[in-house]
Amino acid sequence: MILIDGKETAGQIKLEIAGEVEDIITRGGKRPHLAAILVGNDPASETYVNFKVKDCEQVGFESTLIRFGEDASEAELLDKVAGLNRDTGIDGFIVQLPLPSHISEAKVIESIDPSKDVDGFHPVNAGRLLIGLPCFQSATPAGIIELIKRYNIPTSGKHCVVIGRSNIVGKPIAALMAQKREPGNATVTVCHSRTKNIKEMTLQADIIIAAMGQPGFLTEDMVPQDAVVIDVGTTRVKSDKTKSGFKLMGDVDFDAVATKCSYITPVPGGVGPMTRVSLLLNTLKAAKKEIYP
Ligand code: GUN
């Protein structure tokens with residue numbers, strides 16, 4: 001069994017990004033600049049946004065955090081997005097989700113200029129991903145593909161079972177795994193909460209991508225010998241063993257499943273750090289105008 005070390009891989013990629021930033025600066029260019037909008041005080045969102053700011057510092061990006069209270073109006077938020085769209089100093093920006101229920105997430109996302117949408121959530125980027133055009137890819141699927149690439153895991157002709165159909169993980173990773181390129185060329189089955197026979201499906205898989213947010217869902221009896229298991233789960237549960245008072249739980253019953261796998265990602269330290277680094281890669285691409293010249 002090979003443990004896929006997302007933390008180590010993300011660390012290497014960060015060094016590569018930092019090197020590119022140095023080159024840009026040496027050549028008289030501008031530091032890549034990521035902005036993040038955070039509305040309200042959701043503790044998980046606070047943590048994620050703080051990580052994003054810290055990640056930027058580590059690779060030499062500029063970052064700007066823009067905060068709104070829980071009671072901010074949709075109009076205020078749309079106005080800020082319009083400002084960031086126009087601001088030539090900002091290469092890319094994200095609006096941290098979820099938003100308070102009185103604000104339409106769809107409307108806010110659609111108001112972002114696709115060429116600055118480094119989360120890859122705008123329908124233009126989601127659509128371009130589906131048809132294989134250059135785009136900002138959603139960070140988690142991009143991170144998974146990068147891990148598969150760097151660990152040389154074969155995907156061509158393999159059966160990949162994705163569990164979960166979210167717009168930001170399940171749907172895009174299914175599209176990327178099926179795409180006519182490497183990594184890709186897989187036969188993809190998408191399972192979700194209404195699938196009747198998930199175990200029957202996973203038992204026929206070469207690669208299982210668990211992304212439905214149910215801690216410990218994928219158990220040993222559901223996994224064939226030598227499968228590749230990618231765990232996208234990041235459910236925060238209370239813990240008295242950690243400094244933060246929380247621990248992250250994956251969708252895979254790791255200890256039992258790992259014994260059967262050829263490759264497996266741990267939680268934490270698997271997909272999570274790669275998701276974070278994907279946002280940095282997208283911001284670098286935005287700064288270099290690689291996707292939308
Ligand atoms: N909420 C949970 N994950 C994400 C993410 O990747 N980007 C944004 N903007 N919000 C999130």
Side-chain angles (χ1 to χ4, degrees), residues 6 10 33-56 61 63-68 70 72 74 77-78 80-81 84-85 90-101 103-126 129 135-147 164-173 176 209-214 230-236 246 248-251 267-268 270-286:
H33 190 166
L34 173 72
I37 300 178
L38 176 59
V39 184
N41 304 297
D42 175 67
S45 292
E46 296 254 2
T47 308
Y48 292 141
V49 167
N50 288 337
F51 277 147
K52 288 169 189 179
V53 169
K54 199 178 108 202
D55 289 340
C56 282
F61 289 0
S63 67
T64 300
L65 174 56
I66 300 150
R67 299 196 65 136
F68 285 93
E70 187 75 25
E74 188 177 276
L77 194 53
L78 291 172
K80 177 49 78 177
V81 168
L84 293 173
N85 284 341
I90 302 286
D91 298 298
F93 64 97
I94 63 143
V95 180
Q96 187 65 31
L97 304 179
L99 292 172
S101 56
I103 300 176
S104 159
E105 288 187 355
K107 211 165 161 185
V108 170
I109 289 169
E110 286 196 64
S111 73
I112 299 172
D113 181 336
S115 73
K116 292 193 173 187
D117 168 40
V118 286
D119 256 336
F121 291 173
H122 191 285
V124 164
N125 281 312
L129 180 142
C135 64
F136 291 116
Q137 297 182 352
S138 178
T140 300
I144 294 170
I145 294 292
E146 195 62 30
L147 279 179
R165 55 176 157 181
S166 69
N167 290 337
I168 67 177
V169 184
K171 283 179 201 163
I173 193 63
L176 290 171
I209 301 178
M212 69 296 202
Q214 276 190 52
I230 308 288
D231 189 350
V232 185
T234 54
T235 307
R236 280 157 61 97
F246 288 96
L248 285 186
M249 288 209 40
D251 289 345
V267 174
V271 173
M274 292 300 292
T275 297
R276 285 168 58 182
V277 97
S278 296
L279 178 65
L280 298 175
L281 283 169
N282 277 350
T283 304
L284 184 62
K285 285 177 187 164

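Because the structure is a prediction, the values reported are computed rather than measured. Numbering of ligands and ligand atoms starts at 1, following listing order. Atoms considered below: every heavy atom in the structure, side chains included; atoms not considered: hydrogens, waters and symmetry mates.
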Output yes when a side-chain donor or acceptor of [X] lies under 3.5 Å from a complementary backbone atom of [Y], and no otherwise.
X: Asn85; Y: Ser111; answer: yes
X: Asp251; Y: Gln214; answer: yes
X: Ser138; Y: Pro141; answer: no
X: Asn50; Y: Glu46; answer: yes

Heavy atom under 4.0 Å from ligand 1: found in [X]'s side chain, backbone, both, or neither?
X: Asp119; answer: side chain
X: Phe121; answer: side chain
X: Val95; answer: backbone
X: Glu105; answer: neither

Quiz item: Hey, does Pro98 come in under 3.5 Å of ligand 1, counting only N/O atoms on both sides?
Solution: no
Quiz item: Any N or O on Gln96 sitting closer than 3.5 Å to an N or O of ligand 1?
Solution: yes
Exercise. Go through the steps to decide whether Leu279 and Asp55 satisfy the test side chain to side chain contact (heavy atoms under 4.5 Å, CB included), and finish with yes or no.
Key: CA-CA 9 Å; Leu279 178 65; Asp55 289 340; over 6 Å; no
Quiz prompt | Working for side chain to side chain contact (heavy atoms under 4.5 Å, CB included), residues Ile173 and Thr140 | solution = CA-CA 8 Å; Ile173 193 63; Thr140 300; over 6 Å; no
Quiz item: Who's the nearest protein heavy-atom neighbour of atom 10 (N) of ligand 1, and how far?
Solution: Leu97 N, 2.9 Å
Quiz item: Should Arg276 be listed as contacting ligand 1, given a heavy-atom distance under 4.0 Å as the test?
Solution: no
